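These notes are about the structure you will find just below.
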Amino acid sequence: MKIKNIFLTFISLTICSLSFAQKELTQHKTVPLSIGEKIAFESKILNENRIVNIYLPNGYSKDSLQTYPVIYLLDGSIDEDFIHISGLVQFGSFSWINMIPESIVVGIANIDRKRDFTFPTLNKKDQRDFPTTGKSDTFIKFIKTELQPLIDNQYNTNATKTLIGQSLGGLLATEILFKNPDLFDNYIIVSPSLWWNDESLLTYKPTLYTSKKSIYIAVGKEGKIMERTANQLYDKLKLQQKENTNLYFDFFEKQDHADALHLAVYNAFENIFKKKEK
């Protein structure tokens with residue numbers, strides 16, 4: 001009987017201990033984990049509400065005199081490329097990596113990327129398959145006259161601006177480079193959809209610029225048209241390359257259209273920003 005009472009007491013104490021531990025666990029507080037902030041604003045040019053996602057370097061302070069380069073990311077929604085590209089920026093700017101300066105990332109969230117990233121097409125199939133397209137002029141104006149001034153006013157930015165675009169975003173980045181080159185200092189163009197409008201952008205005569213530029217182009221194993229046109233873009237830029245332009249090209253044989261971006265941006269950061277060993 002005595003042994004039974006001891007056993008029952010032990011069981012009761014064990015249950016009480018577990019209950020107490022469970023209670024302690026349930027009292028632990030959870031809070032949201034944030035890697036940046038979001039700006040929602042009304043664009044008068046686009047006549048709609050737009051969202052941009054912002055990654056800020058560790059220790060960023062509005063009251064500080066330190067200023068930062070800005071990386072503008074097309075397809076910059078939370079469920080697109082904003083998080084993993086911001087992760088690359090954070091990793092590359094660690095002091096023990098020192099590949100890229102601490103930078104602000106501006107992820108431009110999409111509403112209708114086919115509309116915003118394409119110029120008008122004469123190709124009947126394109127018109128039929130993508131009926132809302134052809135408004136890139138308006139979107140470029142939005143970037144130039146609304147978005148960039150907003151970011152420069154809101155954050156401690158310096159003059160260095162980088163644009164990252166992939167697929168149709170790469171098409172838009174190429175169009176900006178050709179028509180409004182001084183909007184950005186560095187262009188990272190990955191798997192550009194240069195097939196648009198029967199490859200007409202490749203025949204466009206780019207606007208001349210005098211400022212220093214770094215241009216990185218990459219493509220994966222994405223089929224003859226994508227690979228050929230990316231190479232043609234590189235060759236076109238190579239022909240007009242001057243001392244003020246650094247030009248890079250990568251072909252990723254093991255990547256395709258779906259997964260070339262991450263590796264390409266890493267390589268672009270290394271080529272464009274990494275300090276050379278003395």
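Starting from 1, each residue takes its place in the sequence as its number. None of these values were measured; they are calculated from a predicted model.
Asp182 and Ser211 form a side-chain donor-acceptor contact under 3.5 Å, judged by distance and modelled atom types alone. A donor and an acceptor atom, one from each side chain of Tyr216 and Asp250, are located under 3.5 Å apart. Between the side chains of Ser64 and Lys62, no donor-acceptor pair of N or O atoms lies under 3.5 Å. Under the 3.5 Å distance criterion, with hydrogens and angles disregarded, no donor-acceptor pair is assigned to the side chains of Thr67 and Asn156. Counted by atom type alone, Asp75 and Asn110 present one or more donor-acceptor pairs between their side chains at under 3.5 Å.
Closest approach of Ser103 and Pro101 over heavy atoms only: OG-O, 2.7 Å. Summarising the geometry of Phe119 relative to Ser200, their closest heavy-atom pair is CE1-OG, 3.4 Å, with the distance given to 0.1 Å. Nearest heavy-atom pair across Pro57 and Glu102 is CB-CB, 4.0 Å. What you find for Tyr209 and Pro181 is that their closest heavy atoms are CD2-CB, 3.7 Å. In terms of heavy-atom proximity, Ile35 sits nearest to Tyr55 at O-CD1, 3.5 Å. The two residues Ser43 and Phe142 make their nearest non-hydrogen contact at OG-CD1, 3.5 Å.
Expressed to the nearest 0.5 Å, how far CZ of Phe251 lies from CD of Glu222 amounts to 8.5 Å. Ile151 contributes atom CD1, which lies 11.5 Å from atom CD1 of Ile143 (distance to the nearest 0.5 angstrom). For the atom pair Leu247 CG and Ser214 OG, the distance stands at 9.5 Å (nearest 0.5 Å). We find the CG-CD distance between Leu74 and Gln166 to be 10.5 Å, quoted to the nearest 0.5 Å. Here the straight-line distance linking atom CG of Leu88 with atom OH of Tyr266 works out to 8.5 Å at 0.5 Å rounding. Here the straight-line distance linking atom CD1 of Ile108 with atom CD of Glu80 works out to 11.0 Å at 0.5 Å rounding.
Between Val89 and Ile71 there is a side-chain heavy-atom pair separated by less than 4.5 Å. Ser93 has its side chain out of reach of Met99: every pair of non-hydrogen atoms, C-beta onward, lies at least 4.5 Å apart. Looking at heavy atoms from C-beta onward, Val52 lies in side-chain contact with Phe41 at the 4.5 angstrom threshold. Side chains of Glu175 and Ile140 form a contact here, defined as non-hydrogen atoms less than 4.5 Å apart. The shortest side-chain heavy-atom distance between Trp195 and Leu171 does not fall under the 4.5 Å cut-off. Contact check for Thr162 versus Asp185: no side-chain heavy atoms found under the 4.5 Å cut-off. The side-chain heavy atoms of Lys141 and Lys144, taken from C-beta on, include no pair separated by under 4.5 Å.
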Stepwise side chain to side chain contact (heavy atoms under 4.5 Å, CB included) check, Asn186 with Thr160: CA-CA 8 Å; Asn186 307 308; Thr160 304; 3.9 Å; yes
Side chain to side chain donor-acceptor pair (under 3.5 Å) between Asn123 and Asp198, intermediate numbers included: CA-CA 7 Å; Asn123 184 291; Asp198 300 319; 2.9 Å; yes
Candidate pair Leu261 and His84, rule side chain to side chain contact (heavy atoms under 4.5 Å, CB included), full reasoning: CA-CA 10 Å; Leu261 179 65; His84 75 96; 4.1 Å; yes
Side chain to side chain contact (heavy atoms under 4.5 Å, CB included) between Lys238 and Leu233, worked out: CA-CA 8 Å; Lys238 190 73 176 174; Leu233 173 60; over 6 Å; no
Verdict with supporting geometry, Leu201 and Trp196, side chain to side chain contact (heavy atoms under 4.5 Å, CB included): CA-CA 8 Å; Leu201 194 57; Trp196 181 255; over 6 Å; no
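For Lys179 and Tyr204, the positive end sits near the middle of the six-membered ring, less than 6.0 Å away and at most 45° from its axis.
At most 12 non-hydrogen atoms from other residues, nucleotides or ligands lie less than 6.0 angstrom from CG of Asn58. More than 12 heavy-atom neighbours from other residues, nucleotides or ligands sit within 6.0 angstrom of NZ on Lys236. Within a 6.0 Å radius of CG in Asn49, more than 12 heavy atoms belonging to other residues, nucleotides or ligands are found. For CD1 of Ile225, the number of neighbouring non-hydrogen atoms (other residues, nucleotides, ligands) closer than 6.0 Å is 12 at most.
Phe252 and Val265 fall within the same hydrophobic cluster, defined by Ile, Leu, Val, Met, Phe, Trp and Tyr side-chain heavy atoms under 4.5 Å apart, directly or through other members. Ile188 and Phe82 fall within the same hydrophobic cluster, where Ile, Leu, Val, Met, Phe, Trp and Tyr residues are linked whenever their side-chain heavy atoms come under 4.5 Å apart, directly or through other members. Both Phe139 and Leu163 sit in one connected hydrophobic cluster of ILVMFWY residues. Membership requires side-chain heavy atoms under 4.5 Å apart, directly or through other members. In the hydrophobic clustering of ILVMFWY residues, with side-chain heavy atoms under 4.5 Å counting as a link, Phe91 and Ile100 come out together. Leu172 and Leu194 fall within the same hydrophobic cluster, defined by Ile, Leu, Val, Met, Phe, Trp and Tyr side-chain heavy atoms under 4.5 Å apart, directly or through other members.
A donor-acceptor contact shorter than 3.5 Å is absent between the side chain of Glu146 and the backbone of Leu46. Side chain of Asp256 to backbone of Lys221: no donor-acceptor contact under 3.5 angstrom is found. Thr121 contributes no side-chain N or O that, together with a main-chain N or O of Gln127, makes up a donor-acceptor pair within less than 3.5 Å. Side-chain atoms of Ser61 come within 3.5 Å of backbone N or O of Asp63 as a donor-acceptor pair. Of the possible donor and acceptor atoms, one in the side chain of Gln241 sits under 3.5 Å from a partner among the backbone N and O of Thr245. Distance alone, capped at 3.5 Å, is enough to place a donor-acceptor pair between the Asp112 side chain and the Arg115 backbone. Judged by distance alone, with hydrogens and angles left aside, the side-chain atoms of Glu227 form a donor-acceptor pair with the main-chain N or O of Gly223 at under 3.5 Å. For the pair Asn153 (side chain) and Pro149 (backbone), a donor-acceptor distance under 3.5 Å is absent.
Ionic pairing of Arg228 and Glu199 is present here: one or more N-O contacts between side-chain nitrogen and carboxylate oxygen are shorter than 4.0 angstrom. Residues Arg50 and Glu48 are paired through a salt bridge, judged by an N-O separation under 4.0 Å between the basic side chain and the carboxylate. By the 4.0 Å N-to-carboxylate-O rule, Lys161 lies close enough to Asp152 to be salt-bridged with it. Between Asp259 and Lys254, none of the side-chain N atoms (NZ, or NE/NH1/NH2) sits under 4.0 Å from a carboxylate O, so this pair counts as no salt bridge.
Between Tyr68 and Tyr60, the ring planes are tilted. Angles from 30° to 60° get that label.
Of the residues listed (Leu237, Val219, Leu177), the one engaging Ile189 in a side-chain contact (heavy atoms from CB on, under 4.5 Å) is Leu177, and it is the only one.
For an aromatic pair to be called close, the ring centres must be under 6.0 Å apart, and Tyr72 with Phe184 satisfies this.
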